[in-house]
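Quick note: numbers below take in every heavy atom, side chains included, and nothing from hydrogens, waters or symmetry partners.
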Amino acid sequence: MGRPKTSGQFTVPKDILALKPKELPSTVKVIKVPTKTTGSKIHFYVYELISVSDPKKPEKTKITSGSCIGKIEGGAFCPNKTGIVRLKRLRGEVDPENSQRGKETTDTKQELTDKEIQAVSEAAANMNLDLKDIDLQVKDYGQYAIVLASTVSVLERLNKYFSTEDSKLIYALSVIYFVEEYTPASYIKDVYDQSVLSCKWPNLGISENTVNKFLKVLGQHPVNCEEYSQGLIEESSGLTAIDGHVILTCSKQNDLADYGNKYAKIGNKQLNILEAYDTLLEAPLTSKAYEGGLLDKTSVRDLLTTFDFPAFTTFLLDAGFYSEEDMELYRNGGKHFVIPVPDGCIISKSFRKRLEFKSSFVYKKTDEDGIIKEDRILFVESTVIDLENLYQEDLDKDAELKNKAASKNEDAEGSETQTKIKKVYSRKIKRSAFGTDRIIMYRDEDMHDKMICEFREQLGRDDFHTEEKLKELGPQFGIIVLRTNLDIKDNSPAEVYRKYKQRWKIETHYNFVENIVKFYGLKTDDYCVMQGLSFLILTVGQVKSAFKKRQMASSSKYVTHLSTRECLVKAARLKLAQHRDRKWHVAVSTQKSAELMKEMGVDMADDLKRLNAVCY
């Protein structure tokens with residue numbers, strides 16, 4: 001039940017009116033709040049009186065009530081934050097030079113300067129105000145401090161493409177999502193107020209309404225976002241993975257929601273995020289949301305026509321992007337690519353039919369425990385045109401054999417036979433426009449042996465797992481066929497394989513997006529809001545990349561051996577709190593916590609100095 005309308009000044013007792021501040025023109029209004037026991041409770045709130053122009057007659061002014069400046073309680077006037085500032089300005093207790101900022105806004109909405117905020121905090125501490133009216137005196141500090149100290153470069157880059165205020169808001173949201181996981185707009189203000197970000201940027205104004213509006217505005221103005229991504233692309237290493245990621249959407253009205261290729265797994269509509277990812281710098285370059293029913297090989301055309309990738313770029317793609325129509329895009333302007341050939345493609349069929357591996361090399365990889373393993377990889381190389389010719393020869397031979405068999409059958413039956421067997425003509429395959437592309441078939445011997453063992457364990461359990469099936473499929477286990485236009489002179493089959501294995505880093509990134517940051521099961525139904533969120537997925541990835549780079553540059557083995565989440569959890573133990581002296585203090589830290597903060601670039605003494613000067 002909402003509050004009833006105020007009854008006006010004439011119903012307020014004279015003894016209550018006498019308690020309002022004498023320095024400020026003000027009025028007292030009555031607000032009745034219904035209660036279960038006493039029927040209603042009366043509160044007396046004090047509002048300042050301001051002079052405004054009459055819209056109908058601009059030459060005239062009228063007096064109206066402005067901001068609430070406090071309430072009458074316990075037989076005295078208790079000012080709120082706005083009231084304290086108004087009174088201090090009248091008494092000359094606020095620096096006139098800093099108070100000039102207030103003139104930039106209306107009388108009813110004035111920004112508080114740093115010194116005014118400090119004055120409000122000190123004054124509120126000496127008054128009998130409700131706890132809910134006092135600023136929080138304990139803040140989350142450690143986890144935010146190490147992120148802010150190590151990711152300044154992200155904010156600096158944002159400032160190149162967005163206004164100062166927009167950059168701060170994008171950066172603050174990215175930091176919150178990175179530290180706290182994806183936070184719905186309805187809870188974002190509580191998280192912001194609890195964090196040290198509210199001390200760093202007290203006037204940022206993060207709330208449910210402002211965040212929703214900003215995400216929509218961000219999606220409505222894609223040019224700045226695209227320019228930001230283009231700048232990242234131009235500074236990239238060139239070894240770029242492109243991959244899509246499915247996000248479950250719980251909103252039936254989402255413009256991008258559709259049934260896609262993951263329906264059997266998620267049982268709901270989806271939308272797709274397509275990103276380009278720098279596998280050497282380990283940072284995302286682009287991020288955009290697409291309709292859930294679109295295939296990767298279709299949406300990638302929009303990505304590659306929107307952005308200009310340098311000529312030194314090598315695209316690392318998965319089989320979902322394989323399309324003869326897109327081969328021109330992958331090589332346009334002198335660029336290169338490495339992509340798996342789907343099993344159903346004729347050149348893959350032709351190659352797999354002839355398992356004649358001629359050479360091998362050793363591929364070193366590091367497992368989850370940091371142990372280096374060596375795998376023996378067999379390989380054989382050919383070209384698109386050679387495999388197409390072999391496949392066409394197979395078709396021709398098959399047709400010839402069928403015709404010979406038909407002729408023998410006809411001769412055996414004699415000339416009086418009534419059945420006339422039609423001649424079989426060989427099917428002509430559609431040739432690729434890029435016949436000189438290299439096709440390399442690899443077989444991981446360790447993977448091959450592992451899959452053989454796993455299949456044998458299932459023998460006899462169903463009709464599929466039989467010795468005959470194992471004999472048929474066994475030779476194909478552990479095989480991958482790659483297509484590339486990389487020059488053989490500088491890129492041996494072993495080097496092509498190693499480059500392709502770098503593509504796995506984008507899978508690790510998507511694992512971070514879904515399972516760590518929790519961008520999953522989104523309920524937004526607005527196209528522009530979703531595009532704004534997809535850009536934040538990019539900036540959160542940039543924050544993570546800068547954070548990890550700083551962590552790995554540490555000389556402390558304790559710090560470098562921690563996971564990203566472990567760093568944040570251990571740093572979160574350090575809280576910021578105000579003591580009786582009304583100054584900020586950091587809780588006592590352990591030696592390990594202090595080491596972590598120092599290695600991540602945090603100077604706690606300097607932070608406290610700036611916080612207590614209200615200029616952090």
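The two residues L285 and L538 make their nearest non-hydrogen contact at C-CD1, 3.7 Å. For Q551 against M600, the heavy-atom pair with the smallest separation is CA-SD, 3.9 Å. The two atoms that bring D193 and K139 nearest to each other are O-NZ, 2.8 Å, heavy atoms only. Of all non-hydrogen atoms in L136 and W584, the two that sit nearest each other are O-CH2, 3.6 Å. What you find for S26 and K20 is that their closest heavy atoms are O-NZ, 2.8 Å. Nearest approach of C68 to Y45, heavy atoms of both residues: SG-CD2, 3.9 Å.
Not one N or O on the side chain of K570 forms a donor-acceptor pair closer than 3.5 Å with the backbone of C567. Side chain of Q531 to main chain of D526: no donor-acceptor pair is present (N/O by atom type, distance under 3.5 Å, no hydrogens or angles). Between the T279 side chain and the L239 main chain, a donor and an acceptor come within less than 3.5 Å of each other. Checking side-chain atoms of S207 against main-chain N and O of K189 turns up no donor-acceptor pair under 3.5 Å. S545 places no side-chain N or O within 3.5 Å of a backbone atom of G541 that could act as its donor or acceptor partner. Proximity of a side-chain donor or acceptor of E48 to a complementary backbone N or O of G66 within less than 3.5 Å is not detected. Side chain of N511 to backbone of E507: no donor-acceptor contact under 3.5 angstrom is found. A donor-acceptor distance shorter than 3.5 angstrom exists from the side chain of S236 to the backbone of I233, with no hydrogens or angles considered. T151 contributes no side-chain N or O that, together with a main-chain N or O of A546, makes up a donor-acceptor pair within less than 3.5 Å.
For the pairing with L197, the side chain to side chain contact (heavy atoms under 4.5 Å, CB included) check across V179, L148, L204, L173 returns one residue only, L148.
Classification of the Y171-W201 ring pair by plane angle, with boundaries at 30° and 60°, yields perpendicular. Note on ring orientation: taking the six-membered ring where Trp is involved, the planes of F307 and F309 are perpendicular (angle over 60°, cut-offs 30° and 60°). Ring pair Y228/Y161 is perpendicular by interplanar angle, where above 60° counts as perpendicular and below 30° as parallel.
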Task: Steps toward side-chain contact (heavy atoms from CB on, under 4.5 Å) verdict (I537, E275) - done: CA-CA 10 Å; I537 293 177; E275 289 193 14; 3.3 Å; yes
Task: side chain to side chain donor-acceptor pair (under 3.5 Å) between E595 and S556, intermediate numbers included - done: CA-CA 8 Å; E595 180 182 352; S556 168; 2.4 Å; yes
TODO: Dump the intermediate steps for side-chain contact (heavy atoms from CB on, under 4.5 Å) on V223 and E227, then the final yes or no.
DONE: CA-CA 6 Å; V223 173; E227 291 292 346; 4.2 Å; yes
Task: Criterion side-chain contact (heavy atoms from CB on, under 4.5 Å) on L274 and K288, from CA distance to verdict - done: CA-CA 6 Å; L274 187 66; K288 186 177 179 180; 5.8 Å; no
TODO: Could you give me the CA-CA distance, side-chain angles and deciding distance for Y290 and L256, then say whether side-chain contact (heavy atoms from CB on, under 4.5 Å) is met?
DONE: CA-CA 6 Å; Y290 291 90; L256 295 170; 5.8 Å; no
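Separation of atoms CD1 (I72) and SG (C78) is listed at 8.0 Å; rounding is to 0.5 Å. To the nearest 0.5 Å, the span separating CZ on R573 from NZ on K592 amounts to 12.0 Å. Between the NE2 atom in H245 and the OG atom in S534 there is a gap of 12.5 Å [rounded to 0.5 Å]. Residue F519 holds its CZ atom at 10.5 Å from CD of E181, rounded to the nearest 0.5 Å. Rounding to the nearest 0.5 Å places CG of L576 at 11.0 Å from CE of M604. In this structure, F178 CZ and I516 CD1 are separated by 10.0 Å, a value rounded to the nearest 0.5 Å.
Proximity of S195 to E180: side-chain heavy atoms (C-beta onward) are nowhere separated by under 4.5 Å. Contact annotation: the side chain of V246 approaches that of N272 to within less than 4.5 Å [non-hydrogen atoms, C-beta and beyond]. Residues T183 and D190 have side chains not in contact (no heavy-atom distance under 4.5 Å, counting atoms from C-beta outward). For the pair D278/E235, no side-chain contact is recorded, criterion being any heavy-atom separation below 4.5 Å from C-beta on. Within the 4.5 Å cutoff, the side chain of Q542 has heavy atoms near those of the L232 side chain. With a 4.5 Å cut-off on side-chain heavy atoms, Y182 and L533 count as touching. When side chains are defined from C-beta on, I69 does not count as touching P79, because their heavy atoms never get closer than 4.5 Å. At a threshold of 4.5 Å between non-hydrogen side-chain atoms, the residues L169 and E165 do not count as touching.
Centroid-to-centroid, the aromatic rings of Y277 and Y510 stay 6.0 Å apart or farther.
The cationic group of K269 lies under 6.0 Å from the six-membered ring centre of Y259 and within 45° of the ring axis, placing it in a cation-pi geometry.
Around the NZ atom of K575, the shell of radius 6.0 Å holds more than 12 heavy atoms that belong to other residues, nucleotides or ligands. When the shell of 6.0 Å around OH of Y187 is examined, it contains 12 or fewer heavy atoms from other residues, nucleotides or ligands.
For E282 and K548, the salt-bridge test fails: no basic side-chain N is under 4.0 Å from an acidic carboxylate O.
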